[in-house]
Amino acid sequence: MTRTNPSNQHDQESTKMTESFQLAGISLDCDDPGLLARFYKDLLGGQMVWNNERSAGIRLPSGLTIIAQKVTGYTPPPWPGTSIVHLDLAANADLDECEKRALRCGATQLSDQPDPRWRVLLDPAGHPFCITTCTPPS
């Protein structure tokens, strides 16, 4: 009788899944898609690939697309205090300088900063995002 190692089977299934899917984009609800897309384009680089009254998309240099989509009656998520998905950005330079650049692009600074290794800011639609120089675990 041949036994299969459950861990190896899981790894094989995971490999099949990564061959089937890859993250193509992230959609962010907002009131003004053009404004939000231009903010992320100015902050992260890339190219505006479409912009209309319902949505706007930018393709980042990494290939990921950020989509800003209009939602009638949009309300920004409260921060802190709720469970939400937010963007974590890796700073390629001094954290203070990266924060200043984000503010010049249109971000809003928050007074509640829970960890000195991270800066929590709000984009123009009120979504929180973090900037850090910390390297994620591999």
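As a basis for the values below, the full set of heavy atoms in this structure was taken, side chains included, without hydrogen atoms, waters or symmetry mates. Note that the coordinates shown come from a computational prediction; the quantities given were computed from them, not determined experimentally.
Ring geometry, F129 versus Y40: the interplanar angle exceeds 60°, so the pair is classed perpendicular (tilted spans 30 to 60°).
Evaluation of the salt bridge (charged side-chain N to carboxylate O under 4.0 Å, His left out) rule for D29 yields no partner, not counting sequence neighbours. Scored by the salt bridge (charged side-chain N to carboxylate O under 4.0 Å, His left out) test, K41 finds no partners at all (sequence neighbours excluded).
The two residues E53 and P33 have their closest heavy-atom pair at O-CG, 3.8 Å. Heavy atoms only, all atoms of each residue included: C130 and D88 are closest at CB-OD1, 3.3 Å. When all heavy atoms are compared, the tightest approach of P124 to G106 is CG-O, 3.9 Å. Looking at every heavy atom in both residues, N92 comes nearest to C98 through N-SG, 4.3 Å. Considering all non-hydrogen atoms of both residues, S55 and W50 come closest at OG-NE1, 2.8 Å. A68 and A37 make their closest contact through CB-N, 4.1 Å (heavy atoms, listed as atom of the first residue, atom of the second, distance).
Cluster membership for V49 and I67, using ILVMFWY side-chain heavy atoms within less than 4.5 angstrom, is shared. Hydrophobic clustering places I66 together with L23 (ILVMFWY residues linked when any side-chain heavy atoms are closer than 4.5 Å, directly or through intermediates). Under the 4.5 Å side-chain contact rule for hydrophobic residues, L36 and M48 share a cluster. Cluster annotation: L60 and L121 are assigned to the same hydrophobic cluster (Ile/Leu/Val/Met/Phe/Trp/Tyr, side-chain heavy-atom contacts under 4.5 Å, transitive). Two different hydrophobic clusters hold L28 and V71 under the rule that ILVMFWY side chains link at heavy-atom gaps under 4.5 Å.
Residue pairs meeting the salt bridge (Lys or Arg N to Asp or Glu O under 4.0 Å) criterion with at least one partner in residues 116-126, sequence neighbours excluded, are D96-R119, E99-R119, D115-R117.
Checking each of L95, L43, V120, L87 against I131 for a side-chain contact (heavy atoms from CB on, under 4.5 Å) leaves exactly one that passes, namely L95.
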For the pair R38 and N51, evaluate side chain to side chain contact (heavy atoms under 4.5 Å, CB included) and give the outcome as yes or no after the intermediate values.
CA-CA 10 Å; R38 281 188 301 278; N51 184 4; 3.8 Å; yes
Would I58 and L44 count as a side chain to side chain contact (heavy atoms under 4.5 Å, CB included) if you check the C-alpha gap in whole Å, the side-chain angles of each, and the deciding distance to 0.1 Å?
CA-CA 10 Å; I58 61 160; L44 302 173; 5.5 Å; no
